[in-house]
Amino acid sequence: MNKNQEIAEIFEKIADALEFKGENLFRVNAYRKAARVLSELPEDIEELWKNGKLEEIPGIGKGMAEKIEEYLKTGKMKKYEEAISGIPDGLLELLNIPNLGPKTLSLAYKKLNVKNLDDLKRVIEDGSLAKLSRMGEKKVENIKKGIQLYEEGTSRIPLGIALPIVEEIINSLKNLTEKIAPAGSLRRMKETVGDIDILATGKDHKKIIEKFTSLPMVKDVLAKGETKASVIVKQHNLQVDLRVIDKGCYGAALQYFTGSKAHNIKLRGMAKEKGLKISEYGVFKGDKKIAGETEEEVYEVLGLKWIPPELREDRGEVEAALKDELPVLVKKEDIKGDFHVHSKYSDGVDDIRKIAEFAKKLGYHYIGICDHSKTSKIAGGLDEDALKRRNEEIDRINEEIKGIKVLKGMEVDILQDGSLDYPDKILEELDFVIAAIHQGFKKNVTERIKKAMENPFVDIIAHPTGRLLSGREGYEVRIEEIMEYAAEMGVALEINAYFDRLDLNDINVLKAKKMGIKLAIGTDAHNVGMLRYMDLGIGVARRGWLEKENLLNTYEWEDVPLRRRRTKK
DNA sequence: GCCGTTTTCGGCCCGACTGTTTTCAGTCG
């Protein structure tokens, strides 16, 4: 774990501890903000400290800077020790239980000596928790449900899995609603989503809520009111929130529920300075509503250009919008081709001709066929003979189908010693080479990827943090080190939103942009569902502020700044 | 604890829902 993350976690724990102790909430929030900013900071905190720039970080003032310095120098932070003193180990972990907040936990600790999850379960069962002031049967029942969710581990799920669920819900409600759209982290195209927010307008609010909470996919109804309802659906125990609002508020509501929270807090702060008030119902000057029907309006009254949802993280986008310096983000229309599609030769489900025709229909100018190399036997890896046959077929298809170029690529295994699965003679014949780890997950993954990058024929590293392959004991990869080496060697990295999940997340994409590393969206499609995966990849890329020149896919094939082309001459 | 085009004090986003209460505290997003 890098220092940014370490310190962010300590600040987060301080915030929890202070809140538990009933400390001033604004101070608590200052720690939370600092934690968030640090965890998303593209620069190395140690570097900033050495250059005396800690206080230039938003949310970091004199006090926080001192604490960061203390930690970097000594590995300890007095404030942290102080904050957690007198709190039993592991007690604050219980704050992750839904419906159990700091007040209730503190009360249970003081009055009933609850020190851990078992204690908590005990005081629920014996009825003593319900007897405390302002507690009761129903509150306890909700905490009990929360414990169940907590124990099941409702972790974030990949965007690619959440999208179809949302589509299903939206389709079910369509005939009752006028407008209906996803908001939240899904609209921001976060690579994973924790829950789903859906926004709707329609004549009969009650009916919409009723239908929503009684959908067959709904497992549990958490809340149900006039304007909003929350449910848990059967798929992945995912929480889905629906808000039904009036048409005139649609823009304000869409803006509000799209978030992120940090972005909204920023906007509301700005509004306040101007004597305005923003809520999900609109922007108000006194009692007068001055904006709210469209999102553009809401941003405009604050003197801002409309900000694409993917950027709304309070990561500098508001300042950029103020100065009219928002980047021109990659759009689907910018994509000229795809580098990573598997054919029937290895573990794809479609033949090359079909893929080529589909890609042409999408408007691509080129399509890179990347099959697995010989050592990946399970995935149907190609030996030299099969590869030769495949390449010949590609030649034939290129003769026959005009208007699209089919490229000879391969997803070549990085072997246990860091060498590649084919000799250079073979690699040289390919149009480009993607290298990736598919085996030996416990063995020096970082070093092997770096060694592979030293081969001049390697153009792209796929799933560089290898999450697709992980979830395995002992798998460890140092992405910072890999990125530094990729920058040095001129190798591109692949973004793969669907398969790689948290892999090259938006923070790393932002870092890559600053480091001058080229990225490639690899849909890694195994069938013709390329478009869907491409959407996901672009979403993640946009969150990292990626512009056309940063992305290999936006260049015409002749101009793609492949490493082998750039390092030649 | 941070921050400043009302800047060194006094603010800090705002509202819905729930449950316990009889006007509001806690939790959530």
Side-chain angles (χ1 to χ4, degrees), chain A residues 11 14-15 18-20 22-37 54-68 79 83 95-108 129-143 145-146 149 183-185 188 193-199 205 209 213 221-231 239-245 249 252-253 255-284 302-303 314 322:
Chain A
F11 282 167
I14 292 175
L18 294 180
E19 193 174 15
F20 177 80
E23 172 68 89
N24 178 308
L25 276 179
F26 297 113
R27 178 171 294 164
V28 170
N29 281 334
Y31 279 102
R32 291 213 198 285
K33 181 176 182 188
R36 182 181 58 78
V37 170
L54 284 181
E55 289 188 49
E56 289 177 23
I57 305 169
I60 305 296
K62 195 157 171 280
M64 298 279 188
E66 278 170 7
K67 292 176 181 78
I68 293 170
K79 178 74 190 181
L95 289 174
N96 292 320
I97 297 170
N99 308 322
L100 178 66
K103 301 288 182 196
T104 311
L105 186 62
S106 173
L107 193 69
L129 185 62
K131 292 203 182 80
L132 296 179
S133 71
R134 286 200 142 280
M135 294 298 290
E137 288 300 327
K138 287 193 173 172
K139 278 205 159 182
V140 170
E141 194 52 40
N142 283 335
I143 293 171
K145 275 186 192 169
L149 289 173
S185 53
R188 302 201 310 278
V193 298
D195 60 16
I196 292 175
D197 295 286
I198 298 174
L199 202 61
H205 290 198
I209 299 267
T213 52
V221 178
L222 300 176
K224 186 174 158 186
E226 293 283 305
T227 63
K228 62 189 264 190
S230 291
V231 303
Q239 180 173 335
V240 184
D241 297 345
L242 174 74
R243 338 257 167 167
V244 187
I245 34 106
C249 309
Q255 193 290 314
Y256 174 69
F257 291 117
T258 297
S260 66
K261 190 174 171 181
H263 176 86
N264 285 354
I265 288 174
K266 184 107 175 184
L267 292 192
R268 289 183 182 203
M270 279 177 66
K272 202 155 205 168
E273 280 172 22
K274 290 176 186 285
L276 305 173
K277 193 184 76 166
I278 306 183
S279 75
E280 56 262 53
Y281 300 109
V283 184
F284 296 87
L302 296 176
D314 188 19
L322 262 178

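Note that the coordinates shown come from a computational prediction; the quantities given were computed from them, not determined experimentally. Order of the sequence lines sets the chain letters (A, B, ...), proteins ahead of strands, with each chain counted from 1. Values reported hereafter were calculated over all heavy atoms of this structure, with side chains retained and with hydrogens, waters and symmetry mates removed.
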Check this one for me: any side-chain N or O of Y281(A) less than 4.0 Å away from OP1 or OP2 of dA16(B)? yes
Applying a 4.0 Å non-hydrogen cut-off, can you work out what L25(A) is touching in the nucleic acid: base, sugar-phosphate, or nothing? nothing
Counting side-chain heavy atoms from CB outward, which of dG1(B), dG15(B), dG26(B) is closest to K139(A)? dG26(B)
E55(A) CD to dG4(B) P: how many Å, rounded? 12 Å
Work out how far the C1' atom of dC13(B) is from that of dT23(B), and round it to whole angstrom. 23 Å
How far does the C1' atom of dG11(B) sit from the matching atom of dG19(B), given to the nearest Å? 31 Å
Of the nucleotides dT27(B), dG29(B), dC14(B), which has the atom closest to the P102(A) side chain? dT27(B)
Please classify the nucleic acid contact of N264(A) as base, sugar-phosphate, or nothing, using heavy-atom distances under 4.0 Å. nothing
Which heavy atom in I143(A) sits nearest to a heavy atom in I97(A), and how many Å separate them? O-CG2, 4.2 Å
When all nucleic acid strands are considered with a 4.0 Å heavy-atom cut-off, which category describes L100(A): base, sugar-phosphate, or nothing? sugar-phosphate
N264(A) vs Q255(A), side-chain contact (heavy atoms from CB on, under 4.5 Å): CA-CA, chis, key distance, verdict: CA-CA 8 Å; N264(A) 285 354; Q255(A) 193 290 314; 3.1 Å; yes
Report the nucleotide, chosen from dC13(B), dC17(B), dG29(B), that has the shortest atom-to-atom distance to any side-chain atom of Q239(A). dG29(B)
If you measure from the P atom in dT20(B) to the same atom in dG26(B), how many Å do you get, rounded? 14 Å
Rounded to the nearest Å, what distance is computed from the CG atom of residue L322(A) to the P atom of nucleotide dT5(B)? 12 Å
Under 4.5 Å between any side-chain heavy atoms of V37(A) and M64(A), yes or no? no
Return the nearest nucleotide to the side chain of T104(A); candidates are dT20(B), dT27(B), dC17(B). dT27(B)
What does K274(A) touch in the nucleic acid at a heavy-atom separation under 4.0 angstrom: a base, only the sugar-phosphate, or nothing? nothing
Using atom P in both nucleotides, what's the gap between dT6(B) and dC2(B) to the nearest angstrom? 23 Å
Pairwise P distance for dC12(B) and dC17(B), with rounding to whole Å: 24 Å
Atom pair distance, as rounded to whole Å: NZ in K266(A) and P in dC12(B): 17 Å
Go through dG26(B), dC14(B), dG19(B) for me and flag the one nearest to the N142(A) side chain. dG19(B)
Is there a Watson-Crick or G-U wobble partner for dT8(B) with both distances under 3.5 Å, and which nucleotide is it? none
Tell me whether the side-chain N/O atoms of S133(A) come closer than 4.0 Å to OP1 or OP2 in dT20(B). no
Taken to the nearest whole Å, CD/E141(A) to P/dC17(B) is 22 Å
Rounded to whole Å, the CG-C1' distance (N99(A) to dT20(B)) equals 15 Å
A30(A) side chain: which of dG1(B), dG29(B), dA25(B) is closest? dG1(B)
The single option from L242(A), D241(A), V221(A), D197(A) passing side chain to side chain contact (heavy atoms under 4.5 Å, CB included) against S230(A): D241(A)
Y31(A) and side chain to side chain contact (heavy atoms under 4.5 Å, CB included): which partner among K79(A), E19(A), E23(A)? K79(A)
Say we look at dT8(B) and dG4(B): how far apart would their C1' atoms be, to the nearest angstrom? 9 Å
Nearest to the R27(A) side chain among dG29(B), dG1(B), dC28(B), which nucleotide is it? dG1(B)
Candidates dG1(B), dG29(B), dT27(B) - which lies nearest the side chain of M64(A): dG1(B)
When you get a sec, tell me which of dC14(B), dC17(B), dC28(B) is the closest nucleotide to the side chain of K272(A)? dC14(B)
Let me know the distance between CG of D195(A) and P of dC28(B), rounded to the nearest Å. 12 Å
Heavy-atom closest pair, residues A252(A) and Y281(A): CB-C, 3.9 Å
Round to a whole Å and report the spacing from CZ of F257(A) to C1' of dC14(B). 10 Å
Determine whether more than 12 heavy atoms belonging to other residues, nucleotides or ligands lie under 6.0 Å from atom CD of E55(A). yes
Between atom NZ in K224(A) and atom P in dC17(B), what is the gap in whole Å? 12 Å
Of the candidate nucleotides dG29(B), dT27(B), dG19(B), which contains the atom at the shortest distance from the side chain of K261(A)? dG29(B)
Nearest nucleotide by nearest heavy atom, which residue falls closer to the 5' end of DNA chain B, G225(A) or L276(A)? L276(A)
Please measure how far the P atom in dT21(B) lies from the corresponding atom in dT27(B), and state the result in whole Å. 15 Å
